[in-house]
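FYI, the numbering just counts along the sequence from 1. Predicted model, so just to flag it, every value in this text is computed and none were measured.
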Amino acid sequence: MGIKILKPGLMTTIQDAGRKGFQNIGVSPSGAMDLFSYTLANLAAGNFNDEAVLEITLIGPRLLFEKDSIFSLFGAETEAKLNGINIHSGKPITAKKGDVLSFGRMKAGCRTYVAFHGGILVPPLMGSRSTYLKAGFGGLEGRTLEKNDVLPIRQSTGRFSRSWSLSPSLTSYLQHDKIRVMPGRQSDWFSPDAIKQFSEQEFTISADSDRMGYRLKGPSLTKAREIEMITEPVSSGTVQVPADGNPIILMAERQTTGGYPKIAQVLSADIPILAQKKPGDKIRFAAASLDEAQTAYKNHAKTIAYMTKIVKEKWEKEVRINEEN
């Protein structure tokens, strides 16, 4: 018993922080596309480790609680209701056995995360409970969730005596359309005109984008010289340019190596911005220095560390109150 799927939504999967340490044998890290929202959803639910959550894309599911639970939401702006009553993200919410959680379409952004106190207890594979859709393993049978699936979770005892929530300003990144990048290893292979277009023109995320990569439509980026490259390692945020000149940004389920020239690398701090973009959205690239990239990374880590400290204090206080009562 746990969470029963009454309606699966467009694409709902089980994800955690990713599968680490297996890229040398060709296994993608996978994991949550937006690790920032994933982490904050877990924190609000009282999970201070990388617990498995639901990643909801564009159109959300309808879920039945078969046992008492505490859960939280964070990420894209969506209409979420518990037993028909609107609920808000970034706060712990108590659900009782028989309660129904439902979602509408995303109003802003692309992905919302649902964390349950104690996590989703599907068996880990290679140290992770993440679903790797392209390979068909992890999560629940390596697939998106379907009607009548049941997800095991821990039963929560306790109820929150006071209401608190994470600051709405933490979702301000949903509105950003500029993605900061550093030069890729083969950026000097491209013509000056291509580099100028990449830096100044607007690109549209195409409909055939997925968790593996975002395909972009815009100016065709031409190489200054036609040479073949040896396949080499890639990472999340690598911007490759295939022969047709249309860039591809590698995302969570990316391959571990690639043979297309890399014009740029997205700053790790900006990957959550990308993860919340949907087909049809427009983006622009902005050049960043190594110092800017390192500062952005440190600021991102400081935000997570600060929020972990604050939320942990709130949870510990609520636990003490529950024990006293």
Side-chain angles (χ1 to χ4, degrees), residues 11-45 47-57 72-76 109-116 118-145 151 153 173 179 209-214 233-240 248-258 265-277 293 296-298 300-301 303-305 307-308:
M11 188 175 79
T12 305
T13 59
I14 298 169
Q15 302 294 344
D16 59 18
R19 197 163 275 109
K20 301 175 178 68
F22 297 95
Q23 294 185 68
N24 63 317
I25 57 173
V27 178
S28 167
S30 192
M33 288 277 280
D34 177 354
L35 283 170
F36 183 71
S37 289
Y38 157 82
T39 301
L40 291 179
N42 257 330
L43 288 179
N47 298 328
F48 302 101
N49 296 308
D50 295 332
E51 299 292 353
V53 306
L54 294 183
E55 180 179 86
I56 296 170
T57 304
S72 70
L73 322 171
F74 205 86
C110 183
R111 294 174 173 86
T112 284
Y113 295 85
V114 186
F116 305 93
I120 301 172
L121 304 180
V122 293
L125 181 62
M126 295 182 176
S128 170
R129 292 183 167 91
S130 282
T131 308
Y132 184 3
L133 291 174
K134 290 292 183 182
F137 64 76
L140 188 64
E141 301 174 356
R143 58 172 172 79
T144 58
L145 299 186
L151 311 178
I153 60 169
Y173 71 99
I179 308 299
S209 299
D210 56 20
R211 281 178 46 85
M212 184 176 181
Y214 280 8
V234 294
S235 63
S236 294
T238 293
V239 186
Q240 294 183 318
I248 301 171
I249 309 175
L250 302 184
M251 299 298 284
E253 287 194 14
R254 58 180 168 76
Q255 68 272 27
T256 58
T257 61
Q265 178 68 40
V266 175
L267 272 59
S268 60
D270 283 9
I271 289 177
I273 301 173
L274 269 176
Q276 291 294 349
K277 299 302 180 186
Y297 178 83
K298 290 176 183 177
H300 182 82
T303 298
I304 293 296
M307 294 311 304
T308 300

Query raised in the report: Counting distance only, does the side-chain N/O of Glu55 pair as donor-acceptor with the main-chain N or O of Tyr113 below 3.5 Å?
Result: no
Query raised in the report: Is there side-chain contact between His300 and Ser268, with heavy atoms separated by less than 4.5 Å?
Result: no
Requested in this report: List the steps and the verdict of side-chain contact (heavy atoms from CB on, under 4.5 Å) for Leu54 and Leu151.
Outcome: CA-CA 10 Å; Leu54 294 183; Leu151 311 178; 3.6 Å; yes
Query - Set of salt bridge (charged side-chain N to carboxylate O under 4.0 Å, His left out) partners for Asp50, sequence neighbours left out - result: none
Query raised in the report: What's the spacing between Asp34 CG and Thr39 OG1 if we round to 0.5 Å?
Result: 8.5 Å
Query raised in the report: Would you call Ile120 and Glu51 a side-chain contact if the rule is heavy atoms closer than 4.5 Å?
Result: no
Query - Any side-chain heavy-atom pair of Met11 and Leu133 under 4.5 Å - result: yes
Query raised in the report: Sub-3.5 Å donor-acceptor pair from the side chain of Arg129 to the main-chain atoms of Val53, do we have one?
Result: no
Query - Contacts of Lys298 that satisfy salt bridge (charged side-chain N to carboxylate O under 4.0 Å, His left out) - sequence neighbours left out - result: none
Query raised in the report: Among Leu274, Val239, Ile249, which one satisfies side-chain contact (heavy atoms from CB on, under 4.5 Å) with Ile179?
Result: Leu274
Requested in this report: Check Ser30 against Ser130 and note the closest heavy-atom contact, atom names and distance.
Outcome: OG-CB, 4.3 Å
Requested in this report: Quick one: closest heavy-atom pair of Asp16 and Ser128, and the distance?
Outcome: OD1-OG, 2.7 Å
Report task. Verify side-chain contact (heavy atoms from CB on, under 4.5 Å) between Asp210 and Lys134, making sure each step is shown before the conclusion. Result -> CA-CA 10 Å; Asp210 56 20; Lys134 290 292 183 182; 3.1 Å; yes
Report summary line: dist Thr131:OG1 -> Leu125:CG (nearest 0.5 Å) comes out at 10.5 Å
Report task. Kindly indicate whether the side chain of Ser28, heavy atoms from C-beta on, has any atom under 4.5 Å from the side chain of Met212. Result -> no
Requested in this report: Please confirm whether the backbone N or O of Ala41 pairs with a side-chain atom of Ser72, one donor and one acceptor, at under 3.5 Å?
Outcome: yes
Query raised in the report: If we only count heavy atoms from C-beta on, is the Phe36 to Ile271 side-chain gap below 4.5 Å?
Result: no
Query raised in the report: Got a second to check how far Tyr38's OH is from Leu43's CG, nearest 0.5 Å?
Result: 10.0 Å
Query - Leu267 side chain reached by Tyr297 side chain, heavy atoms, under 4.5 Å - result: no
Report summary line: Closest heavy-atom pair, Gln265 versus Ser235, reported as atoms and distance to 0.1 Å, is NE2-OG, 3.4 Å
Report task. Would you give the length of the straight line joining atom CZ of Phe137 to atom CZ of Arg19, rounded to the nearest 0.5 angstrom? Result -> 5.0 Å
Query raised in the report: Donor-acceptor pair, Tyr214 side chain versus Lys277 backbone, under 3.5 Å?
Result: yes
**Report entry** Residue pair Gln255 / Leu250: nearest heavy atoms and the distance that separates them
**Finding:** OE1-CD2, 3.9 Å
Query - Side chain to side chain, Arg111 and Gln15, heavy atoms closer than 4.5 Å - result: no
Report task. Considering non-hydrogen atoms only, spot the tightest contact between Ile14 and Ala52 and give its length. Result -> CG2-CB, 3.8 Å
Query raised in the report: For Arg254 and Pro29, which heavy atoms make the closest approach, and how far apart are they?
Result: NH2-CG, 3.3 Å
Query raised in the report: What's the verdict on side-chain contact (heavy atoms from CB on, under 4.5 Å) for Asn42 and Phe74, showing C-alpha distance, side-chain angles and the deciding distance?
Result: CA-CA 9 Å; Asn42 257 330; Phe74 205 86; over 6 Å; no
**Report entry** Minimum side-chain heavy-atom gap Val114-Thr12 below 4.5 Å
**Finding:** no
Query - Polar side-chain atom of Thr13 near backbone of Thr144 as donor-acceptor pair, under 3.5 Å - result: no
